[in-house]
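Down below is the structure, laid out as structure tokens.
When a ligand or atom number is given, it counts from 1 through the structure's own listing order.
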Amino acid sequence: MCGIVGAIGERHITEVLIEGLRRLEYRGYDSAGLAVIDQGGIVRERQPGKVQALADASHAAGIDGYVGIAHTRWATHGAPTQDNAHPHQSGDIAVVHNGIIENYEALRERLQGEGFVFTSQTDTEVVPHLIQSELRKGGDFIDAVKRAVAQLHGAFALGIIRACEPERLIAVRQGSPLVVGLGIGENFLSSDQLALLPVTNRFIYLEEGDFVVLTRQKVSVWDRNGDVVKRPAVELDATLHASTKGGYKHYMLKEIYEQPAAIQRTLNGRVSQGRVALDAFGPQAAELLAKARHIQILACGTSYHAGFVAKYWFEAIAGISCHVEVASEFRYRTTVLPPDTLLVTISQSGETADTLAALREVKARAIGSLCICNVPTSTLVRESDMAFITHAGPEIGVASTKAFTTQLVALLLLVLAAGRQHGNVSADREREIVAQLNQLPNLLETVLALDPQIERIAERFGEKHHTLFLGRGAQYPVAMEGALKLKEISYIHAEAYPAGELKHGPLALVDNDMPVVAVAPKNDLIDKLKSNLQEVRARAGELYVFADRNADVRPEPGLTVFPMPGVADEVAPIVYTIPLQLLSYHVAVIKGTDVDQPRNLAKSVTVE
Ligand code: F6R
């Protein structure tokens, strides 16, 4: 959450900062600000709202300088007001911050005692005052920042400038992501390399505890022990990261339509002669999968739903026991891992604070850790023993779509690989499921063709306040994902239930004002699901059913059926996800919400 950009160069850098922030808006977009050093002083501009408001204000004020820091905020402490927007300042020092300073209350009290005046409700404001306080005690700017940072508890990334030191920009990474971008006669800082692609494709990925001083010509790094270290520079192929809406009205719609191609990329090179290439998961995969007697999956949000589908697959297809839990719960409770547990984390961004913390907590107790991730340069990939990159491509819409379906593809490959290593999946069965996966790109095109029909029906949800989603078996997590999509982008309250659970409570909610959406592939549970749907109809509930066209679910008044192509049960969760994404998208458009950047959310959740 929150995005940081910093720049020091021989050219005016305001535009670099603002373009960087635009690219980081996915990390938070409730207010934005920047500070540059100009003629020996800090010049600061901050605005509530999106980066465009900051850009307009900065242009109107003619702000420019050769060194500066900027920030787009996702509020944690204090409302999204101008006073709470970053950078925060103490005299000639300005600071941007991503993360949370946990001991800010004690520090604030102490600093107020020293005479510092606070103008915001943020945790961040203690940082510039603390540096100022340390400077008063003696030593230079770098020493003062080091001493101040040593007093901070929590997870954070910082960018710091001082008006009388326009030759340097200081950065600290301690629990929140931060990269350095290398230029010629200029250097940059950002929470994500994506922000800096217009100015460089060479990056240094900082490690936890790194302290960095950037000048125009040099980048100096100290590690957590205070030793000078040389971190390698990595060159990226910038064309891979280009992202535009490509004619679509929203990134989310574009990303929904990209799923056939994204899934093809996930599969490319991962199957060979109709079977899973074991080394796709890393060189130790064959050994670790054979040894694993239990799988523990940890993830958050949509990625957790992918893990939940995989639990059904691991137990039904591979015959291996599997638990799945949201990372923020798992990390804070006392847990018991069965012997020979393989830890699997799932994350689009690879920077989700709770997932990372859970990995760090559990790693030593598991036989190994594997992450399924979309961002190869992410912290999660670097800290896991093995990584499978989904290659979904950049996902800009805050609501996850193609990241989810590519995670599912990756997980099904993993299940097959594990099942083979345990002797529970025969070569024929593996080939059969791999063939189904290979057919997905074409099959999904057929499902996307339902779009106009879904768009028409979406009108009926515009005035509703609640929706129920139903599924059974591996379709239950698909229903959960459908409910999450609807609530996050249309702000309609939505809940998912395993259909068999309806009669144990939620049926009380059903009346003619409660749309009920169900996913109904043709499988062993279809007759049971049909009975559950009858229970809804009997209470005048309005039903919308995505049903296999051969499942004999017939439309009738109050029951709308969307005919889905026949699919094998194993890949059905991937296929049935698509219409639910489209439904949420169209409902959100009808409601006029900010589809790509829904209120109160951020794409990369780097705070606990
Ligand atoms: C919902 C959504 C979030 C993320 C969650 C985890 O559409 O995108 O629920 O899935 O914040 O993020 P990652 O996958 O980056 O760890």
Just the distances, no angles: every ligand 1 N or O to protein N or O pair closer than 3.5 Å, one line each.
{"from": "ligand 1", "atom 1": "7 (O)", "to": "Thr302", "atom 2": "OG1", "distance (Å)": "3.3"}
{"from": "ligand 1", "atom 1": "7 (O)", "to": "Ser400", "atom 2": "N", "distance (Å)": "2.9"}
{"from": "ligand 1", "atom 1": "7 (O)", "to": "Lys485", "atom 2": "NZ", "distance (Å)": "3.0"}
{"from": "ligand 1", "atom 1": "7 (O)", "to": "Glu488", "atom 2": "OE1", "distance (Å)": "3.2"}
{"from": "ligand 1", "atom 1": "7 (O)", "to": "Glu488", "atom 2": "OE2", "distance (Å)": "2.5"}
{"from": "ligand 1", "atom 1": "8 (O)", "to": "Val398", "atom 2": "O", "distance (Å)": "3.3"}
{"from": "ligand 1", "atom 1": "9 (O)", "to": "Thr302", "atom 2": "N", "distance (Å)": "3.2"}
{"from": "ligand 1", "atom 1": "10 (O)", "to": "Thr302", "atom 2": "N", "distance (Å)": "3.1"}
{"from": "ligand 1", "atom 1": "12 (O)", "to": "Thr352", "atom 2": "OG1", "distance (Å)": "3.4"}
{"from": "ligand 1", "atom 1": "14 (O)", "to": "Ser303", "atom 2": "OG", "distance (Å)": "2.6"}
{"from": "ligand 1", "atom 1": "14 (O)", "to": "Gln348", "atom 2": "N", "distance (Å)": "2.7"}
{"from": "ligand 1", "atom 1": "15 (O)", "to": "Ser347", "atom 2": "OG", "distance (Å)": "3.4"}
{"from": "ligand 1", "atom 1": "15 (O)", "to": "Gln348", "atom 2": "N", "distance (Å)": "3.4"}
{"from": "ligand 1", "atom 1": "15 (O)", "to": "Ser349", "atom 2": "N", "distance (Å)": "2.8"}
{"from": "ligand 1", "atom 1": "15 (O)", "to": "Ser349", "atom 2": "OG", "distance (Å)": "2.7"}
{"from": "ligand 1", "atom 1": "15 (O)", "to": "Thr352", "atom 2": "OG1", "distance (Å)": "3.3"}
{"from": "ligand 1", "atom 1": "16 (O)", "to": "Ser347", "atom 2": "OG", "distance (Å)": "2.6"}
{"from": "ligand 1", "atom 1": "16 (O)", "to": "Thr352", "atom 2": "OG1", "distance (Å)": "2.4"}

- Message: Using 30° and 60° as the class boundaries, would you call the ring planes of His97 and Phe156 parallel, tilted or perpendicular?
- Response: perpendicular
- Given Arg173, Arg224, Arg382, Gln174, the one that forms side chain to side chain donor-acceptor pair (under 3.5 Å) with Glu208: Arg173
- Message: For Glu315, I'd like to know if atom CD has over 12 heavy atoms of other residues, nucleotides or ligands within 6.0 Å.
- Response: yes
- In this structure, which one of Gln348, Lys485, Gln407, Glu395 forms a side chain to side chain donor-acceptor pair (under 3.5 Å) with Ser400? Glu395
- Kindly say whether the aromatic ring centers of Tyr476 and Tyr312 come within a distance under 6.0 Å. no
- Query: Looking at Tyr544, does the NZ or CZ of Arg460 lie under 6.0 angstrom from its six-membered ring centre and within 45 degrees of the ring axis?
  - Reply: no
